[in-house]
Enquirer: 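I'd like to ask some things about the structure below.
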Amino acid sequence: MVGCDAMSRPLWFVKLLKKAYPGRFLVAGATRVPILGDIAERYFFDGDDLMYLPKNRVIQINQSVQPVDEMVLPSEVVDHFIERANYHWIMNTCLCRDADNCREYPIDLGCLFLGEATLDINPQLGRHVTKEEALEHVRRCREAGL
């Protein structure tokens with residue numbers, strides 16, 4: 001799931017990303033500018049295989065649905081990929097919630113990464129876990145509303 005991404009970069013770079021996180025929408029908008037977008041794509045995302053799985057959502061029946069840029073996956077799909085993965089890695093904290101000073105959700109429920117690329121993640125940011133621990137982690141995340 002993770003290629004040469006921010007998690008495999010030096011710890012100082014991850015701390016910089018955390019500081020810049022509140023301005024992420026401004027940065028994202030700037031990437032639509034041709035030259036800035038090319039630079040950001042090359043510097044931040046070149047070689048990444050990162051895929052984000054959004055939280056569960058409910059679609060009301062007989063309600064119109066607006067198209068979105070994200071695809072919602074059922075929890076069973078997440079569990080399926082955890083079952084199939086050979087490597088499971090959990091971040092110590094959620095950088096996003098920590099950077100936003102989130103008080104509504106636990107900061108200690110960090111992201112879950114799967115696959116061989118987890119071997120390249122800076123070990124100061126989290127730990128490898130068993131399949132069972134990964135399944136328990138996503139269960140706790142669901143119960144917390146994430």
Enquirer: Which heavy atom of Gly115 sits nearest a heavy atom of Ala85, and at what distance?
Expert: N-CB, 4.4 Å
Enquirer: So which heavy atom on Leu109 is nearest to which on Cys141, and how close?
Expert: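 Taking Leu109 first and Cys141 second, the nearest heavy atoms are CB-SG, 4.0 Å.
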Enquirer: Should Val129 and Leu114 be regarded as members of a common hydrophobic cluster, given that ILVMFWY residues are connected when their side-chain heavy atoms come within less than 4.5 Å of each other, either directly or indirectly?
Expert: yes
Enquirer: Would a 4.5 Å heavy-atom cut-off, applied to side chains only, mark Tyr105 and Arg103 as touching?
Expert: no
Enquirer: Is there a side-chain contact between Phe113 and His88 (heavy atoms, below 4.5 Å)?
Expert: no
Enquirer: What's the spacing between Leu119 CG and Asn86 CG if we round to 0.5 Å?
Expert: 10.0 Å
Enquirer: Can you name the nearest heavy-atom pair linking Leu112 to Ala134, along with the distance?
Expert: CD1-CB, 4.0 Å
Enquirer: Between the side chain of Asn122 and the main-chain N/O of Gln124, is any donor-acceptor distance below 3.5 Å?
Expert: yes
Enquirer: Is there a path of hydrophobic side-chain contacts, each under 4.5 Å between heavy atoms of I/L/V/M/F/W/Y residues, joining Ile90 to Val138?
Expert: yes
Enquirer: Check whether any side-chain heavy atom of Ile82 sits under 4.5 Å from a side-chain heavy atom of His137, and report yes or no.
Expert: no
Enquirer: Hey, does Glu133 have a side-chain heavy atom less than 4.5 Å from the side chain of Leu135?
Expert: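 No, their side chains stay 4.5 Å or more apart.
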Enquirer: Regarding Thr118 and His128, is there a side-chain donor-to-acceptor distance under 3.5 Å anywhere?
Expert: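 There is such a pair (donor and acceptor under 3.5 Å, judged by atom type) between the side chains of Thr118 and His128.
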Enquirer: Do Leu146 and Arg140 have side chains that get closer than 4.5 Å, going by heavy atoms?
Expert: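 Leu146 does not reach Arg140 side chain to side chain.
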Enquirer: Okay, side chain of Arg127, backbone of Trp89: is any donor-acceptor separation there less than 3.5 Å?
Expert: no
Enquirer: Answer yes or no: is there an ion pair linking Asp79 with Arg142, defined by an N-O contact shorter than 4.0 Å?
Expert: yes
Enquirer: Atom CG of Asp98 and atom CG of Asp108: how far apart are they, to the nearest 0.5 Å?
Expert: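 Answer rounded to 0.5 Å: 11.0 Å.
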Enquirer: From Cys111 SG over to Arg97 CZ, what is the distance, rounded to the nearest 0.5 angstrom?
Expert: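 The CZ atom of Arg97 is 7.5 Å from SG of Cys111, to the nearest 0.5 Å.
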